[in-house]
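Since the structure comes first, as structure tokens, the remarks are kept for the end.
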Amino acid sequence: MRIGVPLETRANETRVAATPETVKKFISQGHTVIVQSNAGLASSQPDSAYEAVGATIGSAADALGAELVLKVRAPDSNELAQMNTNAVLLGMLDPFDNSNNAAMAAKGITAFALEAAPRTTRAQSLDVLSSQANIAGYKAVMVAANEYQRFMPMLMTAAGTVKAARVLILGAGVAGLQAIATAKRLGAVIEASDVRPAAKEQIESLGAKFVDVPYETEEEREIAQGVGGYARPMPASWMQRQAALVAERAKQADIVIATALIPGRKAPTLLHSETVSQMKPGSVVIDLAAGKGENGGGNCPLTEADKVVTKHGVKLVGYTNLASMVAADASALYARNLLDFMKLIIDKEAKLAIPTDDDIVTACLMCQSGQVLRQNA
Ligand code: NAD
């Protein structure tokens with residue numbers, strides 16, 4: 001097949017969907033690859049590196065006009081216009097965005113949104129949410145260390161002792177667990193909260209303290225189990241008790257890293273404005289849910305998407321694409337995820353063969369032959 005790798009056009013998007021490593025594999029499998037000029041530049045992959053493995057460098061129209069287009073983010077209307085009807089598209093295509101799904105279907109393309117893959121063992125090697133959230137969790141701690149005006153580890157010096165930073169992590173999925181591990185390596189003292197009972201053991205195994213909000217009813221316990229590994233919105237009673245405990249812990253914390261998400265819903269509010277007003281001056285909040293919460297905030301309503309703002313003496317960081325700030329490794333892992341997904345839809349003769357009975361493929365398939373195949377509420 002003719003595979004196209006366009007330059008990503010969305011603001012702050014520095015990743016690329018194929019690296020010279022994966023392009024080399026595509027070519028060895030019998031595909032031809034056309035990479036838009038400078039597509040890999042922001043992730044430290046110059047055109048020459050792609051050419052060296054056999055790719056052709058071309059324009060946006062060349063890359064978007066391929067039979068199979070590999071992207072990081074969903075195409076905008078301008079990009080869609082340059083694609084061929086019947087093209088196949090792979091990317092992180094916002095599966096919950098109905099208007100985007102409709103636009104892709106109207107174009108007639110076959111689109112796979114890899115975020116929709118089930119969180120199963122077989123899907124692990126193509127799990128884009130995990131590969132990118134892992135990086136975001138790491139980078140969140142790096143950004144926090146940078147914004148924080150004190151040390152992370154405890155230091156005993158001739159000029160006196162410096163206390164270790166206290167870090168509170170809200171949401172211990174892939175990003176939150178990596179944030180715990182990274183903050184631990186820097187010597188911080190860490191507490192973490194999650195709604196799912198399975199998270200307790202994972203938090204403790206990384207050396208952090210679990211902030212326990214006990215379930216008081218069978219309903220709370222049942223909802224907290226989540227579905228497919230994902231959290232569900234908790235009843236207001238549990239959220240209130242959690243908010244009270246988070247407020248208490250946040251007052252003691254120097255850094256809060258919030259990562260809580262519920263697929264297809266607004267991100268829950270976990271760090272209320274009043275709590276921020278009671279935090280220590282100079283504290284830092286990194287809100288990975290920025291832009292996904294109520295009124296454009298994140299897990300904290302005071303966060304502003306893609307901005308660093310100071311409110312009540314607390315620095316609130318709302319970067320929405322932390323993975324993109326580690327562009328080279330984020331691209332490398334993402335490109336391997338796509339390579340693994342392609343094994344499911346391309347046969348040994350390098351021809352498209354989309355199975356109808358593969359749970360990963362059917363979960364990711366957003367639209368085909370002009371029809372939207374995913375029904376969002
Ligand atoms: P996510 O990004 O959807 O959410 C982040 C975290 O926020 C989750 O841990 C969630 O429980 C938590 N959260 C939601 N509401 C909360 C609240 N009110 N308070 C505190 N925390 C709250 O999650 P994710 O990182 O994508 O992980 C989702 C699930 O997928 C997890 O169960 C994870 O173990 C699982 N997973 C499985 C595999 C696999 O088996 N292949 C791979 C990766 C992840």
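Numbering of ligands and ligand atoms starts at 1, following listing order.
- Inclusion of M239 in the set of residues having an N or O under 3.5 Å from an N or O of ligand 1 is not warranted.
- At a 4.0 Å heavy-atom cut-off, ligand 1 touches Q242 through the side chain alone.
- At least one N/O-N/O distance between T120 and ligand 1 falls below 3.5 Å.
- The single protein non-hydrogen atom nearest to atom 1 (P) of ligand 1 is L261 CB, 4.0 Å, given as residue, atom name and distance.
- Nearest protein heavy-atom contact of atom 34 (O) of ligand 1 is R196 NH1, 4.3 Å.
- Nearest-heavy-atom check against atom 15 (N) of ligand 1 across V195, T259, L126 picks out V195.
- Protein heavy atom closest to atom 8 (C) of ligand 1, with residue, atom name and distance, is D194 OD2, 3.5 Å.
- A salt bridge does not link K209 with E204: every distance from a Lys NZ or Arg NE/NH1/NH2 to an Asp or Glu carboxylate oxygen is 4.0 Å or more.
- For atom 7 (O) of ligand 1, the closest non-hydrogen atom of the protein is A260 CA, 3.2 Å.
- Residue-level proximity to ligand 1 for A172 is carried by the backbone, the only part with a heavy atom below 4.0 angstrom.
- Between E220 and R241, at least one side-chain nitrogen of the basic residue sits less than 4.0 Å from a carboxylate oxygen of the acidic one, meeting the salt-bridge criterion.
- Taking any N or O of S130, backbone or side chain, none lies under 3.5 Å from an N or O belonging to ligand 1.
- A salt bridge is absent between D194 and K200: the closest approach of a Lys/Arg side-chain nitrogen to an acidic carboxylate oxygen does not fall below 4.0 angstrom.
- D94 pairs with exactly one of R10, K292, K71, R374 by the salt bridge (Lys or Arg N to Asp or Glu O under 4.0 Å) rule, that one being R10.
- Using a 4.0 Å cut-off between charged nitrogen and carboxylate oxygen, E8 and R73 do not count as a salt-bridge pair.
- The shortest N or O to N or O distance between W238 and ligand 1 is not below 3.5 Å.
- In this structure, the protein non-hydrogen atom closest to atom 26 (O) of ligand 1 is R119 NH1, 2.9 Å.
- Taking every non-hydrogen atom of G229 and a distance limit under 4.0 Å, the qualifying atoms of ligand 1 come out as 28 (C), 29 (C), 31 (C), 32 (O).
- With no hydrogens or angles considered, no side-chain donor-acceptor pair links E294 and T269 at under 3.5 Å.
- Minimum interatomic distance between A66 and A87 (heavy atoms only, all atoms of both residues): O-CB, 3.8 Å.
- An N or O contact shorter than 3.5 Å is missing between P263 and ligand 1 by distance.
- Here L129 has no heavy atoms under 4.0 Å from ligand 1, in either its backbone or its side chain.
- Between K311 and D287 there is no salt bridge, since no side-chain N of the basic residue sits under 4.0 Å from a carboxylate O of the acidic one.
- In terms of polar-atom proximity, defined here as any N/O pair under 3.5 Å, G173 does make such a contact with ligand 1.
- A salt bridge between E222 and R232 is present, with a side-chain N of the basic residue lying under 4.0 Å from a carboxylate O of the acidic one.
- Judged by distance alone, the side chains of Q36 and D62 never bring a donor and an acceptor atom under 3.5 Å apart.
- A salt bridge between R221 and E216 is absent, with no side-chain N of the basic residue lying under 4.0 Å from a carboxylate O of the acidic one.
- Residue contacts with ligand 1: T121 is placed with no nitrogen or oxygen under 3.5 Å of a nitrogen or oxygen of the ligand (distance criterion only).
- Atom 18 (N) of ligand 1 has L270 CD2, 3.5 Å as its closest protein atom, hydrogens excluded (heavy atom only).
- Checked against a 3.5 angstrom limit, the closest N/O atoms of Q202 and ligand 1 fall outside it.
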